[in-house]
Amino acid sequence: MCGIIGYTGNKNALPILIDGLEKLEYRGYDSAGVAVVSGGKIRFKKRKGRIDVLKDSVRSDNLTGTCGIGHTRWATHGEPSDQNSHPHLSLDQRIALVHNGIIENYAKLKDQLKRLGHRFLSDTDTEVLVHLIDHHYSGDMIAAVNQALLEAEGSYAICVLDQNSPDRIICAKKDSPLIIGEGNGEMFIASDIPALLPYTRKVYFLEDGETAIVEKSGAQIFDRYGKRIFRKAYTVDWDISAAEKAGYPHFMLKEIHEGAPALKRTIFPRLKSGRIVFPDLDIKELLCSAQKIFIIACGTAYHAGLTAKYTWEREFKIPIEVDLASEFRYRDPYLSKNTLVILLSQSGETADTLASLRHAKAAGAKTLAITNVVGSSLARLADNVIFTLAGPEISVAASKSYLTQVICLALMLISSSFTGQKLTDAVNFLTALPDLAQLVIKEQDQIKKLAHLYHSKKDIYFIGRGIDHAIALEGALKLKELSYIHADAYAAGELKHGPIALIEDSSLVIALATYPQLFDKIAGNIMETRTRGAKTWVITTKSGYKRFADMSDHITVIEDAPDWAIPILAVIPMQYFAYYACIERGFDVDKPRNLAKSVTVE
Ligand code: M6R
């Protein structure tokens, strides 16, 4: 979704702003803009389209200045256009503002402001904010910003530039992320960490309701009542190379290749003397004292959560419900102090997941966040937190984060309920797992050929039973988001209840068949599709090879593994398939259409 960057210091702001915007590209956007204070005036440029378009248009202009703000916009209110791009300015062009989020009562505010003589140039909700600030300004910009934010309903992260304070940026946030980075005699503001990595590791996370005055000498943070807050800096330990392509053509390919090291980072620090330990967290007490557990997430994280339903319910013997965050928050589920709500999110900033966290907390449930981003809103707001240590994931399509989410859920299970030989076996398997994943990662050539063979299909169907259905859902999501091929995943037993009507000569059916107890059942389903003319690609384990070899046009074999680990090995071929299908069809892997990495609005 939208990305924000800000700089104040002694250097020329423009290259830093453009570089920051490029680092934020992965969040998804359709237009971009910058504003700097130059010669006592605000000068700005904003353009529909890629950052390269903006770059071309600023090249001819001399936008020099040592303080500025930039923005990548993902359209919500008002189509992508130059006019609707940020920054938005007061009519006298004295104040410029960039915004991430949605001002829900913008229509009402716009009417009021129009009656007061304000004239609007865009269709956005954001423009209302800058006019509101202008309206309240009577010499004290921070007071004007605070007053405007009091009247605005919705979510926001904003940066405000005022030509009368040429070295200063005022920023504020509610329900959208904003980070302040401290350099040497220079300060930065960004929506997320990767944009700051080339400049500083020292960051301050702004909390909801807070406002900050950022000047090159430092930042002053204030709470919603205007009281100064002294916040400790956090030192980011992500390596800058982790946020670069490092010779790979796309972040997605790099991140698939980073799957094995990401697993090592997530597993090994938690292995202690043949046991699994989460420092500072009594995970057994948390899981075993719950009478009901919800796992709440969106997209790929939801699919990772689904895998736990199959393994946890069997062990814990309590109901485990996995729900989409966008559904959970509105369906008024029964929650009590004996309910544990687990929020799963790579970014830790997904609006629906965050809203679900707030909902669960308000209902008195215990909460646990599993996220990849230290300092993210989810990590800061949940009662407990476990970090997946995947490293930055830049590609919009999630890959290594899925692996680390699945393994975190498995580690929690093993740590809380496995004992004796079962525990020893699990720990031994965990130790070997990154290398087993690496073996699958190395086998990309076969999948590349399959993508070449099938990339022009209009529809592709994924089937599986039990945990394989959960994995199939992720395969279908990956394929549709990257290649735009229509893909659906079905519980294989459901085929005869409707979906099999879709199967025709040469349909491609991708069957997940990794669960030995259900080999016969899925074999029957595969045959049902073959007899109707389908081509079948079966992803199975070594012990399934014989069973499925004769009923597959293509077969991919992964190592035998316990069900809590199988999604990790089985998903990799499907990630490659989506990646190569996207390349074959000539689309941009890292910037799939209409999508954003971090969905920070509802
Ligand atoms: O940051 P989150 O894990 O909360 O994001 C959830 C989904 O938006 C995300 O997994 C999305 O489905 C991915 N683009 C899938 O590849």
Side-chain angles (χ1 to χ4, degrees), residues 1 3 25-29 74 175-177 191-194 250-253 255-256 259 262 295-307 322-329 341-357 369-379 381-382 385-388 390-406 408-409 470-471 473-484 487 489 567 571-572 574-579 581-582 587-602:
M1 303 254 121
E25 269 190 297
Y26 79 100
R27 295 168 66 90
Y29 71 105
W74 190 88
D175 298 344
S176 279
S191 303
D192 57 26
I193 294 170
H250 301 101
F251 279 111
M252 166 99 181
L253 190 61
E255 287 161 9
I256 297 175
I295 301 176
I296 309 298
C298 302
T300 290
Y302 168 71
H303 296 152
L306 273 181
T307 67
V322 187
D323 209 345
L324 293 163
S326 52
E327 294 294 318
F328 175 83
R329 63 186 288 196
V341 179
I342 299 176
L343 296 306
L344 193 53
S345 168
Q346 187 283 129
S347 62
E349 301 293 351
T350 301
D352 283 318
T353 313
L354 272 170
S356 299
L357 166 69
I370 303 178
T371 179
N372 193 37
V373 181
V374 176
S376 60
S377 303
L378 206 65
L381 297 176
V385 60
I386 290 178
F387 291 107
T388 53
E393 188 177 70
I394 307 291
S395 165
V396 168
S399 56
K400 61 178 177 172
S401 66
Y402 174 87
L403 271 55
T404 57
Q405 286 166 347
V406 169
C408 264
L409 293 163
I471 308 169
L473 285 166
E474 176 57 10
L477 172 66
K478 211 91 308 171
L479 187 62
K480 69 186 120 187
E481 79 175 316
L482 288 178
S483 70
Y484 319 147
V571 83
I572 296 166
M574 296 188 297
Q575 292 176 345
Y576 274 138
F577 186 64
Y579 173 79
C582 176
F587 299 127
D588 186 341
V589 181
D590 287 332
K591 298 184 195 95
R593 70 180 176 209
N594 305 334
L595 293 179
K597 179 66 178 165
S598 185
V599 184
T600 51
V601 294
E602 190 178 341

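Remember, it's 1-based here, ligands and their atoms both numbered in the order they're listed. Side chains included, hydrogens not; waters and symmetry mates left out as well; all remaining heavy atoms used.
Side-chain atoms of Thr371 and Gln346 form no donor-acceptor pair, as typed in the model, at a separation below 3.5 Å. A donor and an acceptor atom, one from each side chain of Asn372 and Ser401, are nowhere located under 3.5 Å apart. Defined by atom type and a distance below 3.5 Å, a donor-acceptor pair is missing between the side-chain atoms of Ser399 and Lys478.
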For ligand 1, run through the N/O pairs with the protein that fall under 3.5 Å and put one pair on each line.
{"residue": "ligand 1", "atom": "1 (O)", "partner": "Ser345", "partner atom": "OG", "Å": "3.4"}
{"residue": "ligand 1", "atom": "1 (O)", "partner": "Ser347", "partner atom": "N", "Å": "2.9"}
{"residue": "ligand 1", "atom": "1 (O)", "partner": "Ser347", "partner atom": "OG", "Å": "2.7"}
{"residue": "ligand 1", "atom": "1 (O)", "partner": "Thr350", "partner atom": "OG1", "Å": "3.4"}
{"residue": "ligand 1", "atom": "3 (O)", "partner": "Gln346", "partner atom": "N", "Å": "2.7"}
{"residue": "ligand 1", "atom": "4 (O)", "partner": "Ser345", "partner atom": "OG", "Å": "2.6"}
{"residue": "ligand 1", "atom": "4 (O)", "partner": "Thr350", "partner atom": "OG1", "Å": "2.4"}
{"residue": "ligand 1", "atom": "10 (O)", "partner": "Thr300", "partner atom": "N", "Å": "3.1"}
{"residue": "ligand 1", "atom": "12 (O)", "partner": "Thr300", "partner atom": "N", "Å": "3.3"}
{"residue": "ligand 1", "atom": "14 (N)", "partner": "Val396", "partner atom": "O", "Å": "2.9"}
{"residue": "ligand 1", "atom": "14 (N)", "partner": "Glu481", "partner atom": "OE1", "Å": "3.1"}
{"residue": "ligand 1", "atom": "16 (O)", "partner": "Thr300", "partner atom": "OG1", "Å": "3.3"}
{"residue": "ligand 1", "atom": "16 (O)", "partner": "Ala398", "partner atom": "N", "Å": "2.8"}
{"residue": "ligand 1", "atom": "16 (O)", "partner": "Lys478", "partner atom": "NZ", "Å": "2.9"}
{"residue": "ligand 1", "atom": "16 (O)", "partner": "Glu481", "partner atom": "OE1", "Å": "3.4"}
{"residue": "ligand 1", "atom": "16 (O)", "partner": "Glu481", "partner atom": "OE2", "Å": "2.4"}

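Applying the side chain to side chain donor-acceptor pair (under 3.5 Å) rule to Tyr576 yields the partners His257, Gln444; only residues at least two apart in sequence or on another chain are considered.
Paired with Glu349 under the rule side-chain hydrogen bond (donor to acceptor under 3.5 Å, both in side chains), one option of Ser191, Ser376, Ser377 passes, and it is Ser377.
Here OG1 of Thr307 is found 5.5 Å from OH of Tyr402. Values are rounded to the nearest 0.5 Å.
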